[in-house]
Amino acid sequence: MTIPSINAERLLTDLTYLGQIGAGADGSIYRVAGSTADLAGRDWIDKTMRVAGLHTYRDETGNVFSRRQDSEGPWLLIGSHADTVPGGGYLDGAYGVIAAMEVLRTLHEADHPAAAHLETVAFWDEEGVTPQSNGGLVGSTALSNHPHIQDVHGYLELHVEQGPRMERAGLDLSAVTGIVGVRRFLVQVRGQENHAGTTPFALRADAGRVATRFSAALRDICQGVDEASIGNIGSIALEPDAPNVVPGAAKVQVEIRAGSEKSLDGIEEMLRETLQTIAAEEQCTAQMQTTSAKPVADFDTRLVDAVEEVCLHRSSKAERMLSYAGHDASVMSTRVPTAMIFVPSTGGYSHSNLEHTPDEQLVLGTQALLESVVAVSNIMLTQDVDSEHSLAA
C-alpha cells in the first residue's frame with residue numbers, strides 16, 4: 001500500500017498554536033507541568049484529536065492518549081511530552097507530540113493499516129522542574145508501571161537534538177541508538193576558616209581551593225576515560241562566603257554523562273580518587289555523595305535499524321547518534337522495544353526562546369516518523385516481537 005504524506009501546513013500550524021499556549025512576551029514558554037498553561041495545552045491536544053474523529057483519554061497521571069475508535073491492541077506508541085521548563089522553547093517535547101498527532105491523523109485519513117494499531121501520547125511532566133516531580137519523566141515512569149504497558153509493543157519518539165552535533169555535521173536526520181547514563185554527585189569539603197590576610201598559603205586548610213582544583217580537573221578526567229563523555233560543575237558554594245576569610249567549607253554539584261556504564265564507573269572512580277588526593281594536599285577532608293544515577297538506555301537494534309533505513313531513504317544526510325539529553329524514551333526502553341529520531345537544533349539551542357529548527361526539517365522529521373511507524377508496524381506484525389527478547393538481544 002502507498003505510504004501517505006503528512007499535511008505539512010497542518011503540522012506547522014499546530015506547532016505554532018501549541019507554542020502560543022503559555023508563551024511570554026519574548027516568546028519563551030511557561031508550560032510547566034500542572035500549570036494552567038500546561039492543562040490548557042492538554043485540553044487543546046485532546047480536543048484536536050477528537051475533532052479529527054479519534055478516541056482520546058487520559059490516565060490517572062495526566063498522560064493524554066489518542067487512537068482510532070475501533071483500534072485494538074497491541075499498540076505501537078508514538079509521542080513525547082507536552083510540558084516545558086520555565087522559559088522554554090516551542091519545540092522541545094511539543095514537536096514530538098504534534099508530529100505524533102499528525103502521523104496518526106494522516107494514517108487514519110488514508111485508512112492505512114498501520115493506523116489500526118497506533119496510539120499517540122503526550123506525556124506528563126518530563127522536565128521535572130517542580131518540587132513534587134522527583135527528577136522528571138513522571139508520565140513515562142507511571143505508564144511503565146501501569147497495566148496498559150502490557151498492550152504496548154513498541155515506542156517511537158521524534159525530538160529535536162537539543163545540541164549542536166547534527167547541525168555541525170550537516171545532518172538532516174539521525175537514528176538515535178540510545179541515551180547516555182547520567183550520574184550526579186554532591187562533593188562536600190571541610191577545611192578550617194581563618195584570616196585570609198594573615199594566614200600563609202602553606203598553612204591554610206582551604207576548602208575553596210580543594211573545590212576549585214577538583215572542578216578544574218573534571219574535563220580532563222572525563223575525556224581521559226572516554227573522549228565522548230561530558231561533565232559539568234553546576235555550582236560551587238563556599239562558606240563563610242567572605243573575601244577576607246579562608247573558606248572552611250565548600251559544596252560542589254557535579255554531573256557526568258557517558259554512553260556506557262563502564263565509562264561512567266571509570267569517571268566516577270577517577271573523580272573520587274582525585275578528590276581525596278587534592279583534599280589531602282590541601283590539609284582538608286572531603287566526601288563525594290551520589291545524589292542520582294540514571295542508567296544508560298540502549299535502544300532496540302531492530303527498531304533502530306528500521307529507523308535508520310527510513311532516514312537514509314529520506315535524506316543522504318543521515319547518521320546514527322547517541323542522545324546526550326534525557327527523554328521519555330529512556331524509561332520506555334526498559335519495558336518495550338524503543339527507538340528515536342532526531343532533527344537538528346539551530347545553533348544547538350534548547351530550553352530557551354532561541355530554540356529553532358527549519359520548517360523543512362521539521363516536516364522531513366515528521367514524514368520520517370510516519371514511515372518509521374509503517375516499517376516498525378510491519379516488524380511487529382511479521383516477527384511477533386516481544387519486549388523481553390528485544391531487550392536481551
Side-chain angles (χ1 to χ4, degrees), residues 1-8 11 66-68 71 74-80 91 93 95-110 112-121 123 152-161 166 171-179 297-323 327-330 332-333 336-344 357 360-383 385 387 390 393:
M1 184 175 181
T2 302
I3 297 179
S5 297
I6 64 159
N7 184 327
L11 170 79
S66 301
R67 59 186 187 228
R68 293 182 81 168
S71 180
W75 290 280
L76 173 62
L77 188 66
I78 58 174
S80 192
L91 293 174
Y95 172 50
V97 170
I98 297 298
M101 292 165 61
E102 179 57 36
V103 167
L104 178 55
R105 284 180 292 181
T106 299
L107 292 172
H108 171 63
E109 291 162 358
H112 192 281
H117 297 282
L118 184 63
E119 185 173 62
T120 68
V121 64
F123 280 122
V152 175
H153 65 179
Y155 177 69
L156 295 177
E157 182 171 354
L158 174 63
H159 212 283
V160 291
E161 182 202 349
M166 289 184 67
L171 300 177
D172 290 323
L173 298 165
S174 285
V176 183
T177 58
I179 299 175
D298 293 316
F299 292 161
D300 184 86
T301 303
R302 283 166 291 182
L303 268 61
V304 173
D305 288 346
V307 167
E308 181 183 38
E309 185 174 348
V310 168
C311 290
L312 288 170
H313 173 72
R314 298 305 312 178
S315 173
S316 60
K317 300 175 182 178
E319 292 181 2
R320 293 184 174 217
M321 73 175 299
L322 187 66
S323 174
H327 300 284
D328 290 301
S330 63
M332 295 300 293
S333 69
V336 299
T338 296
M340 290 186 74
I341 303 171
F342 275 173
V343 295
T357 296
E360 59 269 23
Q361 289 177 323
L362 295 174
V363 172
L364 179 64
T366 306
Q367 185 64 34
L369 176 63
L370 184 148
E371 294 178 20
S372 295
V373 164
V374 173
V376 170
S377 295
N378 289 335
I379 291 174
M380 297 298 184
L381 291 173
T382 59
Q383 297 186 18
V385 175
S387 60
S390 296

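Computed from a prediction, not measured in an experiment: that's the story for all the values here.
A donor-acceptor pair under 3.5 Å is absent between the side-chain atoms of Thr338 and the main chain of Phe299, judged by distance alone. In this structure a side-chain-to-backbone donor-acceptor pair under 3.5 Å is present from Glu157 to Ala329. Although no hydrogens or angles enter the test, the distance criterion places a donor-acceptor pair under 3.5 Å between the side chain of Ser71 and the main chain of Ala116.
A distance of 6.0 Å separates NE2 of His153 from OG of Ser377, quoted to the nearest 0.5 Å. Here the CG-OG1 distance, from Asp172 to Thr357, works out to 11.0 Å after rounding to the nearest 0.5 Å. The CD atom of Glu109 sits 6.0 Å away from atom OG1 of Thr106, with the distance rounded to the nearest 0.5 Å. Note: His112 NE2 to Leu370 CG = 7.5 Å, rounded to the nearest 0.5 Å. Rounding to the nearest 0.5 Å gives a distance of 4.5 Å between CD of Glu319 and CG of Leu171. Summarising the geometry, atom CE belonging to Met340 is positioned 7.0 Å from atom OH belonging to Tyr155; distances are rounded to the nearest 0.5 Å.
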#### Entry: Audit row: Leu362, Leu91, side-chain contact (heavy atoms from CB on, under 4.5 Å) steps and yes/no
CA-CA 10 Å; Leu362 295 174; Leu91 293 174; 4.0 Å; yes
#### Entry: Evaluation steps, side-chain contact (heavy atoms from CB on, under 4.5 Å), between Val343 and Leu173
CA-CA 5 Å; Val343 295; Leu173 298 165; 3.9 Å; yes
### Task
Please lay out, stage by stage, how Ser80 and Tyr95 fare under the test side-chain contact (heavy atoms from CB on, under 4.5 Å).
CA-CA 8 Å; Ser80 192; Tyr95 172 50; over 6 Å; no
### Query
So Val103 and Thr366, side-chain contact (heavy atoms from CB on, under 4.5 Å) or not? Walk me through it.
CA-CA 7 Å; Val103 167; Thr366 306; 4.1 Å; yes
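Looking at residues two or more places apart in sequence or on another chain, you find no ring pair (Phe, Tyr, Trp, His ring centres under 6.0 Å) involving His108.
In this structure, Leu364 and Glu360 have side chains that are not in contact, with every pair of non-hydrogen atoms separated by 4.5 Å or more. Between Leu76 and His117, every side-chain heavy-atom pair lies at or beyond the 4.5 Å cut-off. With contacts defined as side-chain heavy-atom distances shorter than 4.5 Å, the pair Phe342/His159 qualifies. Proximity of Pro4 to Leu107: side-chain heavy atoms (C-beta onward) are separated by under 4.5 Å at one or more points. Side chains of Phe123 and Met332 form a contact here, defined as non-hydrogen atoms less than 4.5 Å apart.
Exactly one residue among Leu158, Thr120, Val376 makes a side-chain contact (heavy atoms from CB on, under 4.5 Å) with Ile78. That residue is Thr120. Only one option out of Glu309, Gln367, Glu371 pairs with Arg314 in a side-chain hydrogen bond (donor to acceptor under 3.5 Å, both in side chains); it is Glu371.
When every heavy atom of Leu156 is checked against every heavy atom of Leu303, the shortest pair comes out as CD2-CD2, 4.4 Å. Shown here for Ile341 and Cys311, the closest heavy-atom pair between the two residues is CG2-SG, 4.2 Å. Closest of all the heavy-atom pairs between Ala114 and Val373 is CB-CG1, 4.4 Å. Taking each heavy atom of Val307 and Ala175 in turn, the nearest pair found is CG1-CB, 3.8 Å. A pairwise comparison of heavy atoms in Ala115 and Arg68 identifies O-CD, 3.3 Å as the closest pair. Smallest separation of non-hydrogen atoms from Val152 and Val336: O-CG1, 3.3 Å.
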